[in-house]
Number of protein chains: 2
Amino acid sequence: MKTPGTSTRAEQREASRQSVLEAAAELFSHFGFEGTSMNSISDKAGVSKQNMIYYFGSKEGLWEEMLDWLFANVADSFDEVLYKGRSVDQISISDFIRAYFEVCRRHPAYVLIPMLEGVNDTWRSKMIAERYLSRHVGRFNRFVRACADRGEISDVEPLHLQNLAAGGAQLFLALAPIWKLAAGKDTTSEKFIREYAETVVRLLKPAS
Amino acid sequence: MKTPGTSTRAEQREASRQSVLEAAAELFSHFGFEGTSMNSISDKAGVSKQNMIYYFGSKEGLWEEMLDWLFANVADSFDEVLYKGRSVDQISISDFIRAYFEVCRRHPAYVLIPMLEGVNDTWRSKMIAERYLSRHVGRFNRFVRACADRGEISDVEPLHLQNLAAGGAQLFLALAPIWKLAAGKDTTSEKFIREYAETVVRLLKPAS
DNA sequence: GTCTATACCCAGATAGAC
DNA sequence: GTCTATCTGGGTATAGAC
């Protein structure tokens, strides 16, 4: 039996919020903050614009909630694909790269939004950097040092490695439309990304 | 002595067009097509909006002329930095990567515009791909095969190599604001880019 | 809580005087 | 060729009925 009254309303509201967040992530990630209108989000989500603003307060508020929602989803995927309860010490650089590429493939907006926003120094860039990337960069640096100590990778500046390990797939995934047009290949397929991960892993192996 | 009459007018017009193109490249490359207004371009260029539209017909027309102008400038830089009259056979992969990074550093818009536009399949992506990137990709593939034949690089899929060789610097340069915020480093400095080029070159060396 | 109607602003583009 | 003035459309956000 469905509980009547407030419970159903709350459920309805949550469902609407959810579909707005999904639509917002999709549109913001493709057209940027300025290039995305509240009309297009509400159309895509099937929620009236007025209610959407009522839920999220403003376009800025919606963007902010979308960001937190997105990064929470990504963190869940990371746990599922990579950590599975393991600690950082138990993860090899190959595992990391392969898993990272896979997570990026599953969450296009995770790749696209920092890419579109990171071009400028705005409140949105600041929010992405402060809430998420700073922690990410620090954690990655510690991970790289551990891998280097174990002799798993050749001696590479962590930031360079981060760019090689994470950035390459980001470009293939984010710029898939233009890669398709220019090179005629689908750079988002699971196979393509897996093979690229293998290339990167191979190049990073220390010359024994 | 300045020639009077039509000549001066043509010069004036050319100077105005030039300053509009510069402003347009700067703004389009940071805020995207939708995110850039004709008002902001005309303000930055110091040319009235009405005359700007008179010169370029429309926002679309201006974008198109800006693209050709930009890629022509980039081609000049490539000639200056890399080719210097040499043929492709005389250029090593190290030279290429270092030069490519330097050209990207000199022309931020060359990196940013394909990045912001390449996310979607629009008339602008098509124009970038058809007029420029397709040729670029084909040329690069031939170059890579030549390098591989000479044993200069380990056996890597050309598209992967292209992404490693070209993409890495693009991300550091394009996303400099967010890298600065997240990692506290200026990833656009000549020194930083040179060092990153050296890392890439080193990793690509075949394990002898 | 959810609708209709609308206020208000800025976008791109045009008309017409000079 | 370059201005002033203006049109039309779409943007975010709000007011108020229900």
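Residue pairs that meet the side-chain hydrogen bond (donor to acceptor under 3.5 Å, both in side chains) test with at least one member in residues 162-183 of chain A, sequence neighbours left out, are Tyr100(A)-Gln170(A), Asn163(A)-Tyr196(B).
Protein atom CZ of Phe31(A) is 13 Å distant from nucleotide atom P of dG11(D), rounded to whole Å. If you take CD of Glu34(A) and P of dC10(C), they are 14 Å apart, rounded to a whole angstrom.
A heavy-atom distance below 4.5 Å is not found between the side chains of Leu67(A) and Arg124(A). Side chains of Leu116(B) and His30(B) form no contact here, defined as non-hydrogen atoms less than 4.5 Å apart.
Ring centroid separation for the pair Phe101(A) and Phe172(A) does not come in under the 6.0 Å cut-off.
For the pair Arg13(B) and Asn39(A), nearest-nucleotide mapping onto DNA chain D gives the more 5' position to Arg13(B).
Salt bridge status for Glu102(A) with Arg98(A): absent, with no side-chain N to carboxylate O gap under 4.0 Å.
In this structure, Ser29(A) contributes its side chain and Glu26(A) its backbone to a donor-acceptor pair below 3.5 Å.
Looking at heavy-atom distances under 4.0 Å, Phe56(A) makes no contact with the nucleic acid at all. Within the nucleic acid shown, Ser42(A) has no heavy atom closer than 4.0 Å to any nucleic acid atom.
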**Fill in**
The contact string for nucleotides 13-18 of chain D, one letter per nucleotide 5' to 3', using protein heavy atoms under 4.0 Å with B, S and - for base, sugar-phosphate only and none, comes out as BB----

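Residue Asn51(B) places none of its side-chain N or O atoms closer than 4.0 Å to OP1 or OP2 of dG1(D).
The side chain of Ser37(A) approaches dT12(D) more closely than any other nucleotide in the set dG1(C), dC3(D), dT12(D).
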